[in-house]
Amino acid sequence: TNTARIARGADSVFYIQESLVLPEVTVRPSPYATIVVAPGKTVSYDNCLITGNQVEFSLIGFRYSDVANALSGDGLIFINRGTLPLATIVSGTGNRLVGSGGVSGPIILSDDASELRCGIEGALSANITLNGGTIILERDLYLAQGAILDGEGTMTAGPYTIIVGSDASWTSTIAWVGTDATVELGGNVDLSGTWTFSGQNTISAYGSTIDLSGGGALVVDTDSQLTIRDARISGLHEENIRCVDGTGAITFDNVFLVLDDDFTFSIGSMAFKDLVGIIGDGFVFAYQSQETSTILPNSTLRLDDGVTFSYDPAFNDSQDLLCLYDRTAKLELLGTTLYITDTGMRITTGQIHVRRDSDVYASGDYGLIFGDDTAPHDVVISVDSGIALNIRQGTLQYRNVSTSSVFMGNYVSRIALHPSSNFYLYETIDLGTGSLEFYDNTVLARVPGTSIIGSVSIFGSVIYASL
């Protein structure tokens with residue numbers, strides 16, 4: 001029983017010539033004692049209590065070496081107190097590492113058939129090397145002192161939280177499986193591997209940066225949702241944030257997305273909560289998904305200076321795939337270029353706020369559409385003082401019913417129709433203190449009975465037509 005003890009003094013040496021099983025005894029080793037195990041032989045512990053000045057733990061497993069224990073299937077380490085300094089080598093399934101203490105020794109899973117259930121209350125301050133294996137959480141896990149999950153494998157987090165305590169570089173390729181699981185970042189993460197999220201997961205960054213520029217990617221699996229909160233994500237390019245298929249969804253909650261090259265979102269859906277900014281002077285954010293993405297209530301999607309937002313849904317002729325949920329949802333243009341393909345892009349219900357001179361380039365017959373001829377779906381258009389919304393190419397359709405839908409900051413705030421562009425007026429527009437400008441070879445087409453209230457400036461020939 002555990003009342004039977006083996007006490008080992010300093011400088012003692014155990015020579016194990018044959019395999020040895022120690023059942024339900026208490027072992028009190030000196031940190032300076034040595035054990036030598038003959039090749040092919042093992043020392044196994046069957047529910048033994050290992051106790052010392054710094055740590056006390058129960059063990060069902062093997063003595064792998066002087067500095068490591070091994071769990072080889074249905075093994076157990078239960079830490080009663082202190083911090084376990086020894087390495088833990090894991091193989092097989094049904095293994096558990098639990099208890100009230102912490103771990104400072106590395107954890108190494110042997111292969112893709114290895115599994116460890118982890119439920120320690122204290123911190124883990126050394127890496128977990130996955131080698132294709134699986135960690136299953138039984139409680140929250142705190143990774144301290146730069147500890148990470150290393151290599152390729154699976155973290156089955158369930159409803160628990162993984163706390164990453166400091167700045168860290170992750171080369172890992174990890175499948176995160178959660179049912180309302182959270183990854184909390186206590187520092188910046190340089191990710192050069194791929195993290196794939198299945199189920200319901202959240203990354204809470206608390207203002208930290210997730211840098212994907214070194215080849216990292218965030219992927220959302222089938223029928224899965226990922227929320228990224230309070231983060232700056234840098235290094236966006238190609239499709240390094242993506243969904244596997246149309247059932248995947250990503251919510252950006254108070255996040256800034258920083259492009260370092262052109263980026264495409266081609267499948268799945270996004271939601272924008274609180275303030276979400278897209279930054280990257282000279283780069284394109286191309287929206288090609290067939291699914292609808294939404295600016296949520298009391299939230300703003302801000303397109304920053306020099307960014308081109310391309311509305312280019314593939315295999316879908318919907319004009320409404322960027323949805324403003326209600327009147328409190330806002331799209332902000334800060335020196336942005338909107339590029340709209342033949343499909344056309346319609347903005348309804350919420351607000352569009354032009355804070356710096358911004359340009360629209362549209363191909364095809366539809367262009368940029370404000371409203372849909374029903375008053376509840378009117379979009380509020382605000383243009384700041386001295387600022388222009390420039391229609392450089394294509395068509396602007398005005399379909400707001402209410403004449404109080406346009407707010408111009410002052411008399412030099414304007415909507416400018418540049419050469420060869422078109423303005424289609426389906427409802428009366430009241431410009432307030434601002435103006436409409438028509439340059440050479442533009443088209444003004446309107447439904448009979450509609451009118452422009454306010455200042456109109458003509459700089460060249462204008463073609464007038466009826467709709």
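Fair warning: this is a prediction, and the values are worked out from it, not measured in the lab.
No hydrogens or angles considered: nothing links the side chains of D253 and T251 as a donor-acceptor pair under 3.5 Å. Side-chain atoms of S402 and S404 form a donor-acceptor pair, as typed in the model, at a separation below 3.5 Å. Residues D342 and S363 bring a donor and an acceptor atom of their side chains to less than 3.5 Å of each other. Judged purely by distance below 3.5 Å, without hydrogens or angles, the side chains of T247 and D245 pair a donor atom with an acceptor atom.
More than 12 heavy-atom neighbours from other residues, nucleotides or ligands sit within 6.0 angstrom of CZ on F256. In this structure, E238 places its CD atom where only 12 or fewer heavy-atom neighbours from other residues, nucleotides or ligands lie under 6.0 Å away. With a 6.0 Å radius and a threshold of 12 heavy atoms from other residues, nucleotides or ligands, F283 has its CZ atom above the threshold. Annotation: D365, atom CG; neighbour count of heavy atoms from other residues, nucleotides and ligands within 6.0 Å does not exceed 12.
Taking CG of N254 as the start and OG of S204 as the end, the distance is 11.0 Å to the nearest 0.5 Å. The structure places CH2 of W170 at 6.0 Å from CD1 of I148, a figure rounded to the nearest 0.5 Å. Note: F285 CZ to D304 CG = 13.5 Å, rounded to the nearest 0.5 Å. For the atom pair CZ (F265) and SG (C243), the distance works out to 4.0 Å, reported to the nearest 0.5 Å. Distance CZ/F78 to OG/S100: 6.5 Å, rounded to 0.5 Å. Interatomic distance, T202 OG1 to L226 CG, rounded to the nearest 0.5 Å: 7.0 Å.
Between the D320 side chain and the C323 main chain, no donor and acceptor come within less than 3.5 Å of each other. Checked by atom type and distance alone, the side chain of D312 never pairs as donor or acceptor with a backbone atom of Q288 at under 3.5 Å. Panel note: side chain N316, backbone S318; a donor-acceptor pair is recorded below 3.5 Å. Panel note: side chain S293, backbone M270; a donor-acceptor pair is recorded below 3.5 Å. Distance alone, capped at 3.5 Å, is enough to place a donor-acceptor pair between the S224 side chain and the T222 backbone. Panel note: side chain S358, backbone T336; a donor-acceptor pair is recorded below 3.5 Å. T129 contributes no side-chain N or O that, together with a main-chain N or O of I108, makes up a donor-acceptor pair within less than 3.5 Å. D440 places no side-chain N or O within 3.5 Å of a backbone atom of G460 that could act as its donor or acceptor partner. When atom types are taken as modelled, the side chain of D180 and the backbone of Q200 share no donor-acceptor pair closer than 3.5 angstrom. For S172 (side chain) and L149 (main-chain N/O), a donor-acceptor pair under 3.5 Å exists by modelled atom type.
When each of D378, T374, D373 is paired with N400, the side-chain contact (heavy atoms from CB on, under 4.5 Å) condition holds for D378 and for no other. Each of N127, L124, I89 was compared with I107 under the side-chain contact (heavy atoms from CB on, under 4.5 Å) criterion, and only L124 meets it. When each of V379, I340, L321, D372 is paired with R346, the side-chain contact (heavy atoms from CB on, under 4.5 Å) condition holds for D372 and for no other.
For the side chain to side chain donor-acceptor pair (under 3.5 Å) test, no residue two or more places apart in sequence or in another chain qualifies with S299.
Under the 4.5 Å side-chain criterion, counting only non-hydrogen atoms from C-beta, Y287 is in contact with S289. Counting only heavy atoms from C-beta outward, the side chains of F370 and I429 never approach each other to under 4.5 Å. Between F252 and L301 there is no side-chain heavy-atom pair separated by less than 4.5 Å. At a threshold of 4.5 Å between non-hydrogen side-chain atoms, the residues L333 and I352 count as touching. Counting heavy atoms from C-beta on, the side chains of Y426 and T450 never come closer than 4.5 Å. Two residues are said to be in side-chain contact when any heavy atoms from C-beta on lie closer than 4.5 Å; T343 and Y366 fail this criterion. Between L109 and I135, some side-chain heavy-atom pair lies under the 4.5 Å cut-off. No side-chain heavy atom of V189 sits less than 4.5 Å from a side-chain heavy atom of S208.
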- Between E184 and T182, is a side chain to side chain contact (heavy atoms under 4.5 Å, CB included) present by the stated rule, with each step listed? CA-CA 6 Å; E184 291 188 358; T182 300; 3.8 Å; yes

- Item | Full working for side chain to side chain contact (heavy atoms under 4.5 Å, CB included) between I278 and F263 | CA-CA 11 Å; I278 299 176; F263 172 82; over 6 Å; no

- Item | Residue pair H353, R355: steps toward the side chain to side chain contact (heavy atoms under 4.5 Å, CB included) verdict | CA-CA 6 Å; H353 186 182; R355 295 179 53 189; 3.4 Å; yes

- Item | Test side chain to side chain contact (heavy atoms under 4.5 Å, CB included) applied to F423 and I415, step by step | CA-CA 10 Å; F423 183 63; I415 298 173; 5.7 Å; no

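Legend: salt bridge (charged side-chain N to carboxylate O under 4.0 Å, His left out) pairs involving residues 198-226, not counting sequence neighbours: none detected. Within the structure, the salt bridge (charged side-chain N to carboxylate O under 4.0 Å, His left out) test picks out no pair touching residues 101-118 (sequence neighbours left out).
Stacking of R392 on the aromatic ring of Y361 is not recorded, the 6.0 Å distance cut-off and the 45° axial limit not both being met.
Between V406 and D430, the shortest heavy-atom contact is CB-O, 3.5 Å. Residues R399 and I369 share a closest heavy-atom pair of CD-CG2, 3.8 Å. Closest approach of T328 and Q351 over heavy atoms only: CA-NE2, 4.0 Å. When all heavy atoms of G158 and A181 are compared, the pair lying nearest together is O-CB, 3.2 Å. Taking both residues in full, the closest heavy atoms of T341 and P313 are given as OG1-CD, 4.4 Å, listed atom of the first, atom of the second, then distance. V255 and I228 get closest at one heavy-atom pair: CG2-O, 3.1 Å.
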